Amino acid sequence: MSDLSSQWLQRSRSAVWHPCTQMKRHEQLPIIPIACGDGVWLEDFDGKRYIDSISSWWVNLFGHNHARIKNAIKDQLDSLEHVILAGFTHRPVVELSEKLHELSGLGHAFYASDGASATEIALKMSFHCWRNCGQPDKHRFVSLQHSYHGETAGALAVTDVPLFSATYAPLLQSNLRVTSPDARLAAAGETAADVALRAIADVEQLFQREAANIAAIIVEPLVQGAAGMLMYDPLYLTRLRQLCDRYHVHLIADEIAVGFGRTGTLFACEQAGIRPDFLCLSKGITGGYLPLSCVLTGDDIYNAFYDDDVGRGFLHSHSYTGNALACRAALEVLAIFEDENVLARNAEKAGQFNQHLTWLHTTPGIRHVRQRGMIWAFDVDNARSDFSQAFFRAMLDRGCLTRPIGNTVYFMPPYVLEDSHMRQLSDSTQEVLALLWQDSVASRSQQDTPLP
Ligand SMILES: *Cc1c(COP(=O)(O)O)cnc(C)c1O
């Protein structure tokens, strides 16, 4: 590493408290200073390039340094960067809200700046809506096993990733949890749809018992991301919509990670033919350029707040609500979807990357190879205890940025991925797995452990 790189690394380590990490680990594990990005590439200060196969934490859609998005933001800067949205409005926020209505069928858009805030808004709105309707006892929330909805206190209370939430248990509202429809749970001869139906039976039992106290159930449609890209059958969502209608429970679709084409359709809920009561969006909404999130609802929810009484209104706010630059970036992202036929092209790219990855299906020790839209994942059997770190580092050496979750390797690349990038990711993965298995062969041969 050059002097310049190591200077940024040292300064960052002492001044920046990095997210989602034990800082002490960075005594060994280097932090990588990034100088610039272009397309799928990130480049460090030594000119070494990495394929951003995780879209900079799932936010980037069309690559870095994208001319259209950049120019839209620059153009917006010349007229209005930001204005208070309480009592004021502006062109990008109006146009974006209308566009999102057209695309989702949900006509009322409430804005914030990050995903966790969108979760908070949906939870508060759901509870407040029932309260306005004379049902204040409906104050509990249901989430799925292995769910992830963000890190703020309300969002953590519906998150089931103990590594993130267990420490804060005394601070969190006690909520209800139902079985995950994770297709990997299929017994021999069972389909993903069978697993979904079993999981739905669990929801129905809970609703039968508790619906009088339940405001909403919150789900990550089709893919439970942070838990390790667990995928499930759309039938789960179709049936869940029916149960929510029957038992008067709101359905909150957290499409923060899966929205904007990630699962193959613009919104994942479309594959189940359903409309949620609340749709939470963020991450890809600005193509990874600026922080923005949004909760969409329909007239039924909105009308429950519309009244002469101020207290029946939704008095929630964030300083940067509806930021003009972010809304303008989001409008450009939606224009790109239309102009460049993104969903159809992604379907082709997904097929192409699947071709590159066929070797996964016949490699012993690799299980549950799965893909939906522009998300790929597989699990590694008998992984060594430091697998995710070792894999991360070895892939970096080969110019690929990946971030396995435990023993799950996944790719969630920008949609501008080309054949050569697919090849590099696939070949590097194959090499690195072989390397790590050789290492574990060496370390296990003394104990005579059977190998993958
Ligand atoms: C990332 C994520 C969130 C939280 O979004 P932040 O912007 O990180 O607060 C919530 N839900 C899901 C499904 C996510 O993937």
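Read the numbers this way: they start at 1 and go in the same order the structure lists the ligands and their atoms. Just so we're clear, the structure is a prediction, and the values are computed from it rather than from any experiment.
- The aromatic rings of F278 and H250 lie perpendicular to each other, with more than 60° between the two planes, well past the 30° mark.
- In the vicinity of W58, heavy-atom distances shorter than 4.0 Å reach the ligand 1 atoms 15 (O).
- Counting heavy atoms under 4.0 Å from ligand 1, residue I256 touches it through the side chain alone.
- Listed for the S426 side chain is no donor-acceptor partner under 3.5 Å among the backbone atoms of M422.
- The shortest N or O to N or O distance between D254 and ligand 1 is below 3.5 Å.
- Residues F267 and F260 bring their aromatic ring centres within 6.0 Å.
- Using bins of under 30°, 30° to 60° and over 60° for the plane-to-plane angle, the ring pair F110/F314 lands in the perpendicular bin.
- Proximity of a side-chain donor or acceptor of E220 to a complementary backbone N or O of G225 within less than 3.5 Å is detected.
- At least one donor-acceptor pair closer than 3.5 Å links the side chain of R241 to the backbone N or O of R275.
- With respect to atom 4 (C) of ligand 1, the closest heavy atom belonging to the protein is A116 N, 3.6 Å.
- Near G150, meaning under 4.0 Å from one of its heavy atoms, ligand 1 places the atoms 4 (C), 10 (C).
- Protein heavy atoms are found less than 4.0 angstrom from atom 11 (N) of ligand 1.
- Scanning the protein heavy atoms around atom 7 (O) of ligand 1, the nearest turns out to be G115 N, 2.7 Å.
- Here atom 2 (C) of ligand 1 lies nearest to K283 when heavy atoms of E220, E151, K283 are compared.
- For the pair W57 and ligand 1, no heavy-atom separation below 4.0 Å is found.
- The side chain to side chain contact (heavy atoms under 4.5 Å, CB included) test with V219 singles out one residue from D254, V158, L240, and that residue is L240.
- Any N or O atom pair closer than 3.5 Å counts here, and A257 shares no such pair with ligand 1.
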